[in-house]
Amino acid sequence: VQLQASGGGLVRAGGSLRLSCVASGFTSLTFDDYSIAWFRQAPGKEREEVSCISQSDGSTVYAESVKGRSTISRDNAKNTVTMELRRLKPEDTAVYFCAATLLGFCSLIEIHEYDFWGQGTQVTVSS
């Protein structure tokens, strides 16, 4: 499975971005068999989960740092997960990665359980 993340860029604080993750390369399984998450990593910091959407029931999980400012959604027909980030802050600056796992419930999935990762897309928020 290959994941292609896109949509990053340079934006002013208070602005919005929409990140997309398109998946391909499925064999016997399909996109809706996978839970998809967005992670981010800022320079000198550990990679952290930002949001996740489950394959099992479409439920979502958000980090406290983006709760209320972010919406994750999936379009299984297009093999795509989209995350909108609103009211961006300079501390949102990071490389954003999407990741996929066959595990079903986002709140129970740990970072090492994601099997496939995209290449990352840079988000830079200026103050």
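Residue numbers run from 1 in the order of the sequence given. Heavy atoms only: backbone and side chains are in, while hydrogens, waters and symmetry mates are out.
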Check: Gln55 main-chain N/O paired with Ser35 side-chain donor or acceptor under 3.5 Å: yes
Those residues that, when tested against Asn76, pass side-chain hydrogen bond (donor to acceptor under 3.5 Å, both in side chains) (two or more places apart): Arg74
Spacing of OG belonging to Ser24 relative to CD belonging to Gln2, to within rounding of 0.5 Å: 4.5 Å
Spatial distance of atom CH2 (Trp117) from atom CZ (Arg47) [nearest 0.5 Å]: 5.0 Å
same_hphob_cluster(Val125, Leu85) at 4.5 Å side-chain heavy-atom cutoff: yes
Donor-acceptor contact below 3.5 Å, side chain Thr82 vs main chain Ser20: no
Closest contact, heavy atoms only, Asp57 versus Ser59: OD1-OG, 2.7 Å
Phe39 and Tyr114 aromatic ring geometry - parallel, tilted or perpendicular at 30°/60° bounds: perpendicular
With sequence neighbours excluded, residues passing side chain to side chain contact (heavy atoms under 4.5 Å, CB included) with Ala100: Leu3, Tyr34, Ile36, Phe116
Student check: side-chain heavy atoms of Phe97 and Thr121 closer than 4.5 Å: no
Linked, directly or transitively: Val123 and Val95 (ILVMFWY side chains, under 4.5 Å): no
Flag, side chain of Thr93 to backbone of Pro90, donor-acceptor distance under 3.5 Å: yes
Tyr96 reachable from Val66 in the ILVMFWY side-chain graph, under 4.5 Å edges: yes
From OG1 (Thr101) to CD1 (Ile111), nearest 0.5 Å: 12.0 Å
Euclidean distance, Ile72 CD1 relative to Met83 CE, rounded to 0.5 Å: 7.0 Å
Expected output: side-chain Thr80 to main-chain Lys78 donor-acceptor under 3.5 Å: yes
Side chain to side chain contact (heavy atoms under 4.5 Å, CB included) against Leu108, all qualifying residues, sequence neighbours excluded: Phe105
Sidechain-backbone polar pair: Gln4 side chain, Ala23 backbone, donor-acceptor under 3.5 Å: no
Check: Leu29 and Val1 side chains under 4.5 Å, non-hydrogen atoms: no
Pairs touching residues 8-61 that satisfy disulfide bond (SG atoms under 2.5 Å apart), sequence neighbours left out: Cys21-Cys98, Cys52-Cys106
Hphob cluster co-occupancy, Tyr62 + Leu88, side-chain heavy atoms under 4.5 angstrom: yes
Student check: side-chain heavy atoms of Phe26 and Asp33 closer than 4.5 Å: no
Disulfide bond (SG atoms under 2.5 Å apart) pairs, two or more places apart, involving residues 60-92: none
Pairwise salt bridge (charged side-chain N to carboxylate O under 4.0 Å, His left out) hits with a residue in residues 91-115, at least two apart: Arg40-Asp92, Arg69-Asp92
Within 6.0 Å of CZ in Arg86, more than 12 heavy atoms from elsewhere: yes
Path from Val50 to Leu17 over hydrophobic side-chain contacts below 4.5 Å: yes
